[in-house]
There are 2 protein chains.
Amino acid sequence: MITNKNCIIRLSRYKNALYRLQTLGFVKVFSDNLADAVGGTASQVRKDFSIFGISGNKKGGYQIDSLLEKLNSILGKDQLQKVIVVGAGHIGSALMRYRGFEKEGIKIVAGFDIDPAKINRSSPVPVLPLEEVKAFVKSNGIRIAILAVPDIAAQQAADLICVSGIKGILNFAPLGLKAAEGCIINNVNLEIELENLIYFVNVTEKTK
Amino acid sequence: MITNKNCIIRLSRYKNALYRLQTLGFVKVFSDNLADAVGGTASQVRKDFSIFGISGNKKGGYQIDSLLEKLNSILGKDQLQKVIVVGAGHIGSALMRYRGFEKEGIKIVAGFDIDPAKINRSSPVPVLPLEEVKAFVKSNGIRIAILAVPDIAAQQAADLICVSGIKGILNFAPLGLKAAEGCIINNVNLEIELENLIYFVNVTEKTK
DNA sequence: ATCATTTTGTTCTATTTTTCACAATAACAA
DNA sequence: TTGTTATTGTGAAAAATAGAACAAAATGAT
Ligand SMILES: NC(=O)c1ccc[n+]([C@@H]2O[C@H](COP(=O)([O-])OP(=O)(O)OC[C@H]3O[C@@H](n4cnc5c(N)ncnc54)[C@H](O)[C@@H]3O)[C@@H](O)[C@H]2O)c1
Ligand SMILES: NC(=O)c1ccc[n+]([C@@H]2O[C@H](COP(=O)([O-])OP(=O)(O)OC[C@H]3O[C@@H](n4cnc5c(N)ncnc54)[C@H](O)[C@@H]3O)[C@@H](O)[C@H]2O)c1
């Protein structure tokens, strides 16, 4: 099994680049076009494809249509991915209002909150009481959740949604959560992203 | 020079874990405590420290105080980092309202937008017209910007703030920007984060 | 039909990152 | 003291990742 996260991220980048090329009217693409488009090497592009059994044509490159089909299937984009947001605060509601996920086949179908003031069943993405999360996840077959609750509540909320049937969590709270058995947690830690950026700005400044 | 991004991210994690341990009353820590706290191995903790010339005491572990001092200095946290947000829309204003950066010594000092309706010079974090960004960056010595403008405007806005003196950009637009000479761009691509999570949820589901 | 050219797919090589292993040594106990 | 134990610091080994190189195949030119 593939465990290389970077490799999967590259597949997403290839996919995005291919849509751009397709929009520009291209029908086929060579490994080095794609490498240029995402900032890698041609061999890596071919290696990545070969890992997933994707093949092109000697001298003819890759047919963009069928390449996209294969990448989309690998990335699970052949079906709409329904996602919930837990915690309808600042970040949570920014995400719920964001239309950009839809073009990626990702649809935020509901938010959940413990604060009664946040509940709104009639907004475009309804915000429901947290108590309903289990039933909702079960009856709608949701597997992915975005967790955007305050730090202090994050572990408890993660446990709850795992028990409710969620299999993957994108966590915004800046702390390491313990994942329940059978649930994957990926973190978006903006504090650390900024710290990282600051570090590299500092070192390039010094060495120059 | 260190080019390993993961290593720097681990330093941030150690730092965060050390604050938690300090709060719990701990004074010293061993490499394997830290490894447990951040989910790594003890040798990696020691190796990471050794890369930066951080040393502890045989049999005595590391003094949390002085370890934190060293990590904070490496991570540039011995001075307040002033950051601007470019694009005061959904994501941009969620970030400007977020108080969590302050405890990390990161302060969002202003937002910038082209939409006159978004301008507000008297809010806690003032939102200023984009035309003022260059003067502001220069006179306040800002080096870091968060870019939260629509995709279509992102490259142009990145170019503008680089010319204005910004050295590091945390970009939220889901596309690869070309960095101007002397400017580092790190991307937070939530579409790709979700795609990645979905991929790994799918494969663990299948292989089980 | 033959040859030159282009581009893939894969093997082989290099680099990077992680882990292992253990000598060195500080702390403590007898 | 002397010995025992715990833990660091690091060099060597292993694993993972990336890159280069090139034979094989397809295309098109002559
Ligand atoms: N806002 C940002 O820009 C930002 C940036 C980086 C990280 N974060 C992190 O994202 C998380 C959310 O931040 P925010 O600014 O949106 O906070 P917020 O306070 O605006 O929103 C949190 C929401 O979660 C709800 N909530 C609390 N406990 C809950 C529970 N157990 N179950 C469900 N809902 C619950 C609250 O009622 C509230 O609506 C925090 O962990 C924060 O550290 C936020
Ligand atoms: N909102 C989300 O949850 C979310 C999630 C993932 C990615 N993103 C990305 O983040 C970016 C911002 O998203 P958003 O939802 O906040 O958009 P938004 O439309 O709410 O806000 C964008 C803001 O940028 C301003 N703007 C436009 N051009 C500008 C320019 N040249 N200079 C300065 N300001 C300018 C607009 O006036 C607006 O206020 C987009 O690239 C989007 O794809 C957003």
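Side chains included, hydrogens not; waters and symmetry mates left out as well; all remaining heavy atoms used. Reminder, nothing fancy here: chain letters follow the sequence lines and each chain counts from 1.
- At whole-Å resolution of the value, CD1 in A:I8 and C1' in D:dT17 are 14 Å apart.
- The side chain of A:R46 places an N or O atom within less than 4.0 Å of a non-bridging phosphate oxygen (OP1 or OP2) of C:dT8.
- Residue B:Q156 qualifies as open at atom CD: its count of foreign heavy atoms under 6.0 Å is 12 or below.
- At a cut-off of 3.5 Å, with distance as the only test, a side-chain donor of A:Q155 or A:D159 sits close to an acceptor on the other residue.
- For A:K138, the NZ atom counts as densely surrounded, since its 6.0 Å shell holds more than 12 non-hydrogen atoms of other residues, nucleotides or ligands.
- When side chains are defined from C-beta on, A:I169 does not count as touching A:V86, because their heavy atoms never get closer than 4.5 Å.
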For nucleotides 18-20 of chain D, which of its nitrogen or oxygen atoms have a protein nitrogen or oxygen under 3.5 Å away, and what is each distance?
unit_1, atom_1, unit_2, atom_2, d
D:dA18, OP1, A:R10, NH1, 3.3
D:dA18, OP2, A:R10, NH1, 3.3
D:dA18, OP2, A:R10, NH2, 3.1
D:dA18, OP2, A:Q44, NE2, 3.4
D:dA18, O5', A:Q44, NE2, 3.3
D:dG19, OP2, A:T41, OG1, 3.4
D:dG19, O6, A:K47, NZ, 2.7
D:dA20, N7, A:S43, OG, 3.1

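- Atom NZ of B:K103 is surrounded by more than 12 heavy atoms from other residues, nucleotides or ligands within 6.0 Å.
- Contact check for A:R143 versus A:I166: no side-chain heavy atoms found under the 4.5 Å cut-off.
- Among the protein residues, A:F49 comes within range of no part of the nucleic acid, since none of its heavy atoms lies under 4.0 Å from any strand.
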Can you check nucleotides 26-30 of chain C for protein contacts, nitrogen or oxygen pairs under 3.5 Å, and list what you find?
unit_1, atom_1, unit_2, atom_2, d
C:dA27, N3, B:K59, NZ, 3.3

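- Within 6.0 Å of CG on B:L24 lie more than 12 heavy atoms contributed by other residues, nucleotides or ligands.
- A donor-acceptor pair under 3.5 Å links the side-chain atoms of A:T204 to the main chain of A:F200, judged by distance alone.
- Listed in residue order, the members of residues 18-37 of chain B having a heavy atom less than 4.0 Å from DNA chain D are B:F30, B:S31.
- Counting non-hydrogen atoms of other residues, nucleotides and ligands closer than 6.0 Å to CD of A:E132 gives a total above 12.
- Side chains of B:Q22 and B:D65: a donor-acceptor N/O pair is present below 3.5 angstrom, by distance only.
- When all heavy atoms of A:A17 and A:V38 are compared, the closest pair comes out as CB-CG1, 4.1 Å.
- Within the 4.0 Å cut-off from OP1 or OP2 of D:dT10, at least one side-chain nitrogen or oxygen of B:S50 is found.
- For the pair A:L67 CG and C:dT8 P, the computed distance is 11 Å after rounding to whole Å.
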